Amino acid sequence: MKHLFKPSTFKWILTLLILLVLIKLVWFAVEMKWLPASGVEHTQESGGKSLYYRVKLTPNEAPAPVKKAPVQSKRPVGSIRDITLLAIYNASDATVITVSYKGKTKVLSKGDDINGFVLEGAGSTYATFSKNAKSYKVDLVKGKHNGKGRNSIQNSNIPSVSIPSGKAEGEITDAGDHKIIDRTLLDHYAKNMDDIYKNIGIAEVRDGRNLKGFKITFVRKGSPFAKLGVKRDDIIKSINGQEINSYNAAFNMYKNIQNVENVTLVIQRGKEEMELEYEIN
């Protein structure tokens, strides 16, 4: 029988295999004795800082807030400081004041307004106003009180106030059965109440506690009031059919005098009652 391998060849292969096994055993022994038991971490920390990247998450970046310069406070439009309280009248049936606003005088009763400020009431030396749910107090200007002087209404608190005003212009013409009053003269007295007190004096006429009218205590000679035909001791009973039996009635007529074209004045002179007719143009 023929052998597949020669004996010499088989012996050489066997010797090679034994040699490889010996080399493997020697390497294993060396590894167990000199190499560390645990593995070596090849990644080492470096002394550099970690890197961070900014990522824009929104398409539109909001601008940085801009600090606005402080706005200097200005005096508000329509300030209560524009109103000067000149005179006060307090009665059981009326509260009436005289104020100056932008150089012109105006008479207000409770509920009237000036520049948006509504008159709510008044004390002996002040008046209260309201605007936009806020309350305001205006003190009376300092001055001498008349008491019962000829230029004051009796029992009133109206002080003597001197207001610079222009000379009253306009004429009063006698047309026989009536008198014609220039409207410019009427406008002047409607805006300058203090000029009225300089030319005519008025006092209350009462029957007990009831107000019956107003009595003329003096009329300045040569004044427009003297040309109206009224005289001292005349009692004014009604104007244009409205009885003047309260201060509200009197001052309402005074405030609306610029809107009328004719005036009928009923007065009592002594025991006689008479009418005075006026046309305004």
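A quick note: this is a predicted structure, and the numbers were derived from the prediction, not measured.
A chain of hydrophobic side-chain contacts below 4.5 Å, direct or via other Ile, Leu, Val, Met, Phe, Trp or Tyr residues, connects I202 to I196. Connection of I235 to I239 is not established within any shared hydrophobic cluster, with ILVMFWY side chains joined at heavy-atom distances below 4.5 Å, either directly or through further cluster members.
Looking only at side-chain heavy atoms (C-beta outward), V266 and E273 come within less than 4.5 Å of each other. At a threshold of 4.5 Å between non-hydrogen side-chain atoms, the residues V230 and L265 count as touching. Side-chain contact check for I88 versus Y126: every heavy-atom pair is 4.5 Å or farther apart.
A distance of 4.5 Å separates CD1 of I236 from CD1 of I216, quoted to the nearest 0.5 Å. Here the straight-line distance linking atom NZ of K134 with atom CD1 of I80 works out to 12.5 Å at 0.5 Å rounding. Distance check, rounded to the nearest 0.5 Å: CD1 of I181 to NZ of K227 gives 12.0 Å. One finds the CD1 atom of I83 at 8.0 Å from the CG atom of L108 (value rounded to the nearest 0.5 Å). Atom CG of L119 is separated from atom CD1 of I97 by 4.5 Å, given to the nearest 0.5 angstrom.
For the pair R220 (side chain) and I200 (backbone), a donor-acceptor distance under 3.5 Å is absent. A donor-acceptor pair is defined here as one N or O able to donate and one able to accept, closer than 3.5 Å; such a pair exists between the side chain of N240 and the backbone of N262. Of the possible donor and acceptor atoms, one in the side chain of D182 sits under 3.5 Å from a partner among the backbone N and O of T184. Judged purely by atom type and a 3.5 angstrom limit, T125 has no side-chain atom pairing as donor or acceptor with the backbone of L140. Without hydrogens or angle criteria, Q242 side chain to I244 main chain gives no donor-acceptor distance under 3.5 Å.
With D233 as the fixed residue, the salt bridge (Lys or Arg N to Asp or Glu O under 4.0 Å) test singles out one of K215, R269, K271: K215.
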Side-chain donor/acceptor pairs under 3.5 Å, residues 274-281, sequence neighbours excluded:
from: E277; atom 1: OE1; to: T264; atom 2: OG1; distance (Å): 3.0
from: E277; atom 1: OE2; to: T264; atom 2: OG1; distance (Å): 3.4
from: Y278; atom 1: OH; to: L228; atom 2: O; distance (Å): 2.7
from: E279; atom 1: OE1; to: H178; atom 2: NE2; distance (Å): 3.2

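In the displayed structure, K179 atom NZ is contacted under 6.0 Å by more than 12 heavy atoms of other residues, nucleotides or ligands.
Partners of D113 under the salt bridge (charged side-chain N to carboxylate O under 4.0 Å, His left out) rule, at least two apart in sequence or in another chain, do not exist in this structure. With sequence neighbours left out, the side chain to side chain donor-acceptor pair (under 3.5 Å) criterion links S238 to no other residue. For the salt bridge (charged side-chain N to carboxylate O under 4.0 Å, His left out) test, no residue two or more places apart in sequence or in another chain qualifies with D177. Remark: F117 pairs with Y136 by the ring-ring contact (aromatic ring centres under 6.0 Å, His included) rule, at least two apart or across chains. Scored by the side chain to side chain donor-acceptor pair (under 3.5 Å) test, E120 finds S130 as partners (sequence neighbours excluded).
In plain terms, the two heavy atoms of L86 and S100 that are nearest each other are CD1-CB, 3.8 Å. Shown here for P224 and I172, the closest heavy-atom pair between the two residues is O-CD1, 3.2 Å. When every heavy atom of L211 is checked against every heavy atom of E204, the shortest pair comes out as CD1-CB, 3.9 Å. Residue G176 comes nearest to D174 through the heavy atom pair N-OD1, 3.0 Å, listed as atom of the first residue, atom of the second, then distance. Of all the heavy atoms in V260 and R183, the pair that sits closest is O-NH2, 2.8 Å. Across N115 and S79, no two heavy atoms sit closer than the pair ND2-N, 4.4 Å.
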